Amino acid sequence: MLLYTLTRLAYLAMVLVVMSILVFLVTQAMPGDVASMIAGQFASKEVIDAITVKLGLDQPLIVQYGRWAAGILQGDLGRSLVLEQPVAPILMEALSRSLVLAVVALAVVTVIGIGLGVLAAVRRGRLADQMVSGVSYLGIAVPDFFWAIVLVLVFGSYLKWLPTGGYAPLSDGFVPWASHLVLPVVTLVLMLIARIARLTRSSMIDVLQTNYVKYARAKGLPEKVVIVRHALRNALLPTITVLAIDFGLILGGVVVIETVFSFPGMGRLLLFAIQRHDLPLIQATILIISTAYCLANLTADLLYAFVNPKIRHGMGNA
Amino acid sequence: MTALVPLSAAASPDPTPASATASAAALLEVRNLTINYASPRGTLRAASDVSFAIRPGEVMGLVGESGSGKSTVAMAILDLLGEAGRIDGGEILFEGTDLRRLSAAHRRRLRGDRIAAVFQDPFTSLNPALTVGRQIAEPLVQHKGFTARQAAPRVEELLAEVGIREPRRIAQSYPHQLSGGMQQRVLIATALGCDPKLLILDEPTTALDVTVEARIIELLAGLCESHHLSALFVSHNLGIVNRICNSVCVLYGSEVVETGRTRDVLARPVHPYTKGLVAALPRITTDRRHRLSSIPGTVSKLSGASESCVFAPRCPFAEETCRRLPQALRGDAAGNSVRCWKAEALAGTPWPEESTASRPQAAPPARSAPLVQVDALRKVFGERRSILPWLRRDGTVAVDDVSFTIQRGEVLGVVGESGSGKSTIGRSLLALIEPTAGTVLFDGADFVKQAKEGDRDLRRRAQLVFQNSAASLNPRKTVGAAMERPLVLAGRQGEAERREMIAALLTRVGLPAAYADRYPHELSGGERQRVNIARALATDPEFVVCDEAVSALDVSVQANILNLLADLRDELGLSYLFITHDIAVVSHIADRVLVVYGGTICEEGPIGRVLRPPYHPYTEALLSAVPRLGGAEDGPEPERILLEDSTAPPGGGGCAFRGRCPRKLGAICDERAPPVQTAADGHRIACHIPLAELAERASVFPELAALH
Ligand SMILES: Nc1ncnc2c1ncn2[C@@H]1O[C@H](COP(=O)(O)OP(=O)(O)OP(=O)(O)O)[C@@H](O)[C@H]1O
Ligand code: SF4
Ligand code: SF4
Ligand SMILES: [Mg+2]
């Protein structure tokens, strides 16, 4: 398991290096010249040239990349051109908000989604199953922004129970903090839960037909024990993977939802940076998002291996 | 046989005094049990009017072909039929109480406590995510109120009782870390935990290797004896039933056709179906002309109540009366019963033999240039080279330094247990696997190289028939369509010509030509295997690799297919590499055999030589483990050699069998590869024990001495 983890971490490092090169190259290719942007619209050519030299923009790409990458390794993500302050704190703030959103939404999805999936599998073909399936289809068929807009209109504009958007830090008190979170979380849950419920249902149905579940029944174990200890544990393997990947997705920003609810997370930060051609901010944001995504994937694989003893014990030399 | 007393309810509504006294003593009595499955195509009868009784301490075998309803009856006793199955009548009396009258919760409390079970496939019966110790403890915690901590010493005790040497370590391992034999021991330990009265064993050894099976059967027999356990032993293997069961109950088409004491039923079967079943069982023989008896036709699926004897469509003794009247189970005073009105009249009549006398003696294989020549074949799987040291992997050696030849018209058998490299050898011969080292010459040409260069003619000349007949046919293609491609490969361009060929090939394998329009799901297992053989023959091959080609089939069907393969060999001069784990099967078809263990050949020679001493120690154990039907007629049972449970063959130098060898000499076996010693007739044995000493052992099959 340790070797497996080390190997995976080595791969992760390689992926991130490649990713950083790609990010760097792509942002270089974007229209707009950094130096003239910093200097302002009416600056003279001399000023622009001076800034170019000062920032090292006249040097070969590879040198520029080296400097950028070295900075990142030392924790320096650069300075935002538009906001005129270091990128790192801006990013951390957005990331922490996205993190809150992801944790809360996924906690809800995990509990309810898995619960519904198990219920549907155990009562396969009966009313409860049909209802879960019907609702799941609805959840998958209807696009996420639709829910977002409906929710804002109903609970925000019409009923005025909840704020229509924005974010309040926890330091403002629990109620404002939570009330700002409710709508985006509910939208995310509606978006993700259908897939989790259906996935859990289908793997649960497979597992319920295995010999070991039959044998667990032959031991005279009560149905509850059979389902939780013997079936669910094994049925969760694919679900765990999908949950971890979803987590990475939310961390990386869900642009549509963040926009509708004016939620200042990673998605909106990236959007802002792109609209304003803030190259250092774009580069850093994309890099962080990719890292978050890769880490989520890694966590998924490690969790999978951990829950599955066949992999846990067999991976020593793999 | 004494006066027949009707036993079945159909014949007499109230039980006779005789059966009433029998039931008073019975631990389990099943009376007139009828079970139906609801399926999309209507209800399907899986058990009708099934009655039998098991006394305390009695082990009863429940035998019959696939689909005869054995597992259904076993699961009904456990109340584990599932949603589709429904008991439509009858009683299941356990210690005098009808289980069907109890509440589901009450039945659950009996399960795992008073009535425990062991299923067929130990690996899939164990939860992969829990340690085996925890799984063994579950019934103790559930039924006996143990805490997990209290259960631990009992778990170790149980593991020790089923013959596991390091109970503490094994209790902490996960199922995938154990061998098949150990997994089955774990299940047996689980079943024994609460000191049950009755064991339901559904094919407990079917998934195991012969040598392991012999050990498990020995263990079960000992446990039943020492704990005074009763058991229902579901099996399709008459040899094993003969070993362990006091009584036997034969099912055919969802009905009990014969039941009685094992030695009566198997030695002198009365019902025609039982006669056929016993006759179709391959026995050890070395006569090339011999053909097995077989039961024509296949089991027909039943839905409604039968209007005639269920066996009538396949019974060689059937008369008009049989087709008019459903048969009732009639018992005699000794407690044996039969469902056939002609039973008494047929008592001395054997099952008709397949005519062998008229068959011309096939020409023995020509001693010219060999058709297949394998030299120093080696195959390593999963080896990985990498610059990162922790990514390097040695891989498993599946086949190591294997050399042999096959003559034209010769059948070379390959026997050995699972994982011994049999299939790898077969696949390497067809270039389906690229050997790591060594050469395979087919008719003098390097097969692997030619195949890589796209030589289609070689592909045409060598074909494969493998075990899983269901998976090898595309479910969406008709039989005819499936045979098109090989015919095109063989250069048959015209469509009309191909259609004619398909009809001819189907006839050749004993199927009606109209089967060309059928889909695989409309065929029985045996028919599907015939289609596979027909498809292999389509390219007009000279050499066919049969990889466990008859292993998944019922005895009666297996006999059929074996006869067909033998006919094709004699008439078309085909050569086969015949891979199987079944010694009796190989003795029927092969001219020569290779015995493989851990990827190496331990013994090779003409079948008649290999079956007689001198034996390689592994061959001797393998042969002695073969479960057989034997009564007074076959002479006293020779002593069995029981091997340790299989362990992975140790790598490095030395003998591959050294980990389990009962005759291991010592350090020399660990250090040096055994020398190949040649006896008469090209009989070769790789062992450090001198031939003369190996020859001193008694023959495992004394009956063979009389044969030649
Ligand atoms: N869940 C099910 N639904 C519908 N039909 C079933 C089901 N289970 C079994 N059957 C059918 O019931 C009949 C008896 O099946 P059963 O499994 O008892 O046979 P068996 O004698 O144990 O065979 P095998 O030797 O292959 O294990 C078969 O025709 C089978 O196809
Ligand atoms: S009743 Fe007739 S058909 Fe049935 S087994 Fe007896 S002889 Fe054969
Ligand atoms: S060489 Fe040694 S270990 Fe191998 S079979 Fe012979 S006696 Fe047994
Ligand atoms: Mg079965």
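Every value quoted in this text rests on a predicted model; they were computed, and no experiment measured them. Every chain is numbered from 1 and lettered A, B, ... according to where its sequence line falls, protein lines coming before strand lines.
The neighbour count for A:Arg126 CZ, taken as heavy atoms of other residues, nucleotides or ligands under 6.0 Å away, is above 12. More than 12 heavy atoms of other residues, nucleotides or ligands sit less than 6.0 Å from atom CZ of B:Phe381. Within 6.0 Å of CZ on A:Arg67 lie more than 12 heavy atoms contributed by other residues, nucleotides or ligands. Residue B:Arg100 qualifies as enclosed at atom CZ: its count of foreign heavy atoms under 6.0 Å is above 12. Dense packing is recorded around CG of A:Leu73, with more than 12 heavy atoms of other residues, nucleotides or ligands lying under 6.0 Å away. More than 12 heavy-atom neighbours from other residues, nucleotides or ligands sit within 6.0 angstrom of CZ on A:Arg8.
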**Request:** Go through B:Met75 and A:Lys214 one step at a time and tell me if the side-chain contact (heavy atoms from CB on, under 4.5 Å) criterion holds.
**Result:** CA-CA 10 Å; B:Met75 290 309 134; A:Lys214 190 168 181 185; 3.5 Å; yes
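In this structure, B:Phe119 and A:Ala218 approach most closely via the heavy-atom pair CZ-CB, 4.0 Å. Contact between B:Pro128 and A:Tyr212 at its shortest, heavy atoms only, is CD-CE2, 3.5 Å.
The contact between B:Leu80 and chain A is made by backbone and side chain atoms together, counting heavy-atom distances below 4.5 Å. Of the atoms belonging to B:Gln135, heavy atoms from both backbone and side chain fall under 4.5 Å from chain A. Residue B:Arg134 touches chain A through its side chain alone, counting heavy-atom pairs closer than 4.5 Å. With a 4.5 angstrom heavy-atom cutoff, B:Leu187 touches chain A via backbone and side-chain atoms both. At a 4.5 Å heavy-atom cutoff, B:Ala105 makes no contact with chain A through either its backbone or its side chain.
Per-residue heavy-atom pair counts under 4.5 Å with chain A were compared for B:Thr190, B:Leu78, B:Val141, and the maximum is reached by B:Thr190. Ranked by non-hydrogen atom pairs under 4.5 Å with chain A, the options B:Ser125, B:Pro139, B:Cys194, B:Ala116 are led by B:Ser125.
Between the side chain of A:Tyr215 and the backbone N or O of B:Ala117 there is at least one donor-acceptor pair closer than 3.5 Å. Between the side chain of B:Arg108 and the main chain of A:Gly220, a donor-acceptor pair closer than 3.5 Å is present.
Using a 4.5 Å cut-off on side-chain heavy atoms (C-beta onward), A:Arg233 and B:Leu130 make contact.
A:Arg229 and B:Glu138 are joined by a salt bridge, as a carboxylate oxygen and a charged side-chain nitrogen come within less than 4.0 angstrom of each other.
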